[in-house]
K.L.:
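Handing you this structure, nothing more for now.
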2 protein chains.
Amino acid sequence: MSDEAPGIDPTSSVPKHLQLKDLLGRMIADGLQPGSPIPSERDLAEQYGLSRMTVRQAINALVADGRLERRLGRGTYVAQPKMDVQIRLVGFTEDMRRRGMTASSRTLSFERIHASSALAAHLEVESGEPVVRLVRLRYADGIPMAIERTHLPERLVPGLVEAGAPESLYRYLAEEYGIVLTWGEQSIEAATTAAEDAPLLGIRSDGVVLVMARRSFAEDVQVEYATSAYRADRYQLWVPLAQAARPIVRNP
Amino acid sequence: MSDEAPGIDPTSSVPKHLQLKDLLGRMIADGLQPGSPIPSERDLAEQYGLSRMTVRQAINALVADGRLERRLGRGTYVAQPKMDVQIRLVGFTEDMRRRGMTASSRTLSFERIHASSALAAHLEVESGEPVVRLVRLRYADGIPMAIERTHLPERLVPGLVEAGAPESLYRYLAEEYGIVLTWGEQSIEAATTAAEDAPLLGIRSDGVVLVMARRSFAEDVQVEYATSAYRADRYQLWVPLAQAARPIVRNP
DNA sequence: TCATGTCACCGGACTAGACCACCGCCCCCA
DNA sequence: TGGGGGCGGTGGTCTAGTCCGGTGACATGA
């Protein structure tokens, strides 16, 4: 509470443009309304004792993140909060929270298995390598929503099986193992329910589900291979679309 | 063929950093293998008579596009071609091309209708306003893949109905009307086939389909509302996942 | 009253340097 | 022969300017 006007620490090893980006990011999150202007580049440069190029670097990063908006000849403004420009690597709990529903889950099994050749290929491990397998029935607002089968190489999460199934896997990975997922890929398709899943999900045995397979990575290391079956009558995905890349033309 | 070493035109109204970005982008597309280095920032600056900051601006843009990769202390390298970081706003034809299949299509109907209240809401037009409706059966490698129902406000595409159904709608919009789609949003869900669609798609009447609804925009103007039903046995979506945004924390 | 032109201020572009940390290689010394 | 240190090149950061074109408010004049 002493530093009521936090500034840039020129002695810090953190680059100034990142310090300023953080500072502005906090200003935006804390107080500024969407549409309201931030100080001009020249003002910020003077106020924090930086050159204008450095200020621009910080602002550019926030513009790239979609949090600010430049208007030529006018100023820089706090952007309207928009939908994520990309599907995020979030777990079920967070996904449901964003949809305004309450997530809960029932663990159906939690065990150490040995990777089949198919699983080994999906998880980038050796065939036969120990793998932690977690099968959960996922509820949203108390009603079955999905069945999720998660697989993790055991060498990345020693002791996990013994510790029992965590409430939020992603959070547990971060807190206990320091594993923060940084990117992933996911396939999406439609299918009819597997016979054994139907009663768990509370749908007919030929009910329709949205099947997703996810591979998640922390930097270059694959951490997770998960398949999920979501009840088609309760779940819908929403994705933003970016402009198509301009085809490469020789003589434009 | 005269300008064998195209350079930067300092008199052009196109900013130099964009000219250089284009130049480098073409170099990457034309010849350089993934993993091979591009000239150093200092070399490029000298070669094209630019300051290093300008060169960095061009390179930064390509890095943001995922086409280059910086390695500290070593250099800048052509990135491994990766999947699009985002689902692109491409039509069926382009989508199939990317999947290595040949697209064709049969027009089932192409007419002027008046917007129902539901359609009006989806298309951001007035209820009753004239709308062009195009229903097509889409084939990939000659086999039915999807049924697509596209709606466009007629005021944006006068004369389209009279001209007949174009081969590639998106290209036709760009060439004839100067309408270039810049962004969109799409919902995805699983469902069973509508009874009338099943025989067209060549699947059972209770067959499973992936249903997508797309709204496409050119800048701020909505241009298209399209619903599609894809055969679940032939179509799979693939999406990349970005790292979850750090939740906003007041006192980190 | 209303149109027009001026002007201050904004972001956009660009320069020509500076110093730093990092990386890989090569040479020299143990 | 093997290990370590030095060195040159690289990207990362940062400065202190300049000039340009777009914007909007305000003053001025018809």
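Proteins get letters first, then strands, A, B, ... in listed order; numbering begins at 1 in each.
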K.L.:
Who pairs with A:Arg70 by side-chain contact (heavy atoms from CB on, under 4.5 Å), at least two apart in sequence or on another chain?
P.N.:
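In terms of side-chain contact (heavy atoms from CB on, under 4.5 Å), with neighbours along the sequence ignored, A:Arg70 is linked to A:Glu41, A:Arg56, A:Ile59, A:Asn60, A:Val63, A:Thr76.
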
K.L.:
When you measure from every atom of DNA chain D, which of residues 41-55 of chain B have a heavy atom less than 4.0 Å away?
P.N.:
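Those residues whose heavy atoms fall under 4.0 Å from DNA chain D, taken from residues 41-55 of chain B in numerical order, are B:Glu41, B:Arg42, B:Arg52, B:Met53.
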
K.L.:
Quick one: side chain to side chain donor-acceptor pair (under 3.5 Å) partners of A:His151, sequence neighbours excluded?
P.N.:
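Residues passing side chain to side chain donor-acceptor pair (under 3.5 Å) with A:His151: A:Arg133.
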
K.L.:
Near DNA chain D, under 4.0 Å by heavy atom, which residues of residues 71-79 of chain A?
P.N.:
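Nucleic-acid contacts, sorted: A:Leu72, A:Gly73, A:Arg74.
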
K.L.:
Identify whether NZ of Lys or CZ of Arg in A:Arg214 sits under 6.0 Å from the centre of the six-membered ring of A:Tyr225 and within 45° of that ring's axis.
P.N.:
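Cation-pi check for A:Arg214 and A:Tyr225: fails.
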
K.L.:
Test of understanding: with salt bridge (charged side-chain N to carboxylate O under 4.0 Å, His left out), list the residues that count as partners of A:Glu126, not counting sequence neighbours.
P.N.:
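Salt bridge (charged side-chain N to carboxylate O under 4.0 Å, His left out) list for A:Glu126, sorted by chain: empty.
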
K.L.:
Does the B:Glu154 side chain pair with the main chain of B:Val161, one donor and one acceptor, at a distance under 3.5 Å?
P.N.:
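The answer is no, because no donor-acceptor pair under 3.5 Å joins these two groups.
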
K.L.:
Working to the nearest 0.5 angstrom, can you tell me the gap between B:Gln57 CD and B:Lys16 NZ?
P.N.:
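Rounded to the nearest 0.5 Å, the CD-NZ separation comes out at 12.0 Å.
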
K.L.:
Are the charged groups of A:Arg98 and A:Glu94 less than 4.0 angstrom apart, N to O?
P.N.:
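Looking at A:Glu94 together with A:Arg98, the answer is yes, because their closest N to O distance falls below 4.0 Å.
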
K.L.:
For residues B:Gln19 and B:Asp9, report the shortest heavy-atom separation together with the two atoms involved.
P.N.:
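Shortest heavy-atom separation between B:Gln19 and B:Asp9 comes out as OE1-N, 2.8 Å.
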
K.L.:
Just to verify, what does B:Lys21 make a side chain to side chain donor-acceptor pair (under 3.5 Å) with, not counting sequence neighbours?
P.N.:
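B:Lys21 satisfies side chain to side chain donor-acceptor pair (under 3.5 Å) with B:Asp65 once adjacent residues are dropped.
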
K.L.:
Tell me every residue that passes side chain to side chain donor-acceptor pair (under 3.5 Å) with B:Tyr48, counting only those two or more places apart in sequence or in another chain.
P.N.:
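Scan of B:Tyr48 (side chain to side chain donor-acceptor pair (under 3.5 Å), adjacent residues dropped) gives none.
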
K.L.:
Please name all residues satisfying salt bridge (charged side-chain N to carboxylate O under 4.0 Å, His left out) with A:Glu129, sequence neighbours left out, ordered by chain then number.
P.N.:
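So A:Glu129 forms a salt bridge (charged side-chain N to carboxylate O under 4.0 Å, His left out) with A:Arg155.
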
K.L.:
Residues in salt bridge (charged side-chain N to carboxylate O under 4.0 Å, His left out) with B:Glu162, at least two apart?
P.N.:
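Expected list: B:Arg112.
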
K.L.:
Taking heavy atoms of chain B and a 4.0 Å limit, find me the 5'-most and 3'-most nucleotide of DNA chain C within that range.
P.N.:
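It runs C:dA13 to C:dG24.
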
K.L.:
Spell out, as yes or no, whether a donor-acceptor pair under 3.5 Å connects the side chain of A:Tyr177 to the backbone of A:Pro158.
P.N.:
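Side chain of A:Tyr177 to backbone of A:Pro158: a pair is present.
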
K.L.:
Quick one, B:Gln186 and A:Trp238 - any side-chain contact, counting heavy atoms below 4.5 Å?
P.N.:
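No - every pair of side-chain heavy atoms lies 4.5 Å or more apart.
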
K.L.:
Can you list, in residue-number order, the parts of residues 8-19 of chain B that come under 4.0 Å of DNA chain D, counting heavy atoms only?
P.N.:
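Residues of residues 8-19 of chain B under 4.0 Å from DNA chain D: none.
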
K.L.:
Students should find this one: the first and last nucleotides of DNA chain D, 5' to 3', lying under 4.0 Å from a heavy atom of chain A. What are they?
P.N.:
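First-to-last contact on DNA chain D, by the 4.0 Å heavy-atom rule, is D:dT13 to D:dG24.
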
K.L.:
State, with a plain yes or no, whether a side-chain heavy atom of B:Thr227 is found less than 4.5 Å away from one of B:Met212.
P.N.:
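Counting from C-beta outward, B:Thr227 and B:Met212 never come under 4.5 Å.
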
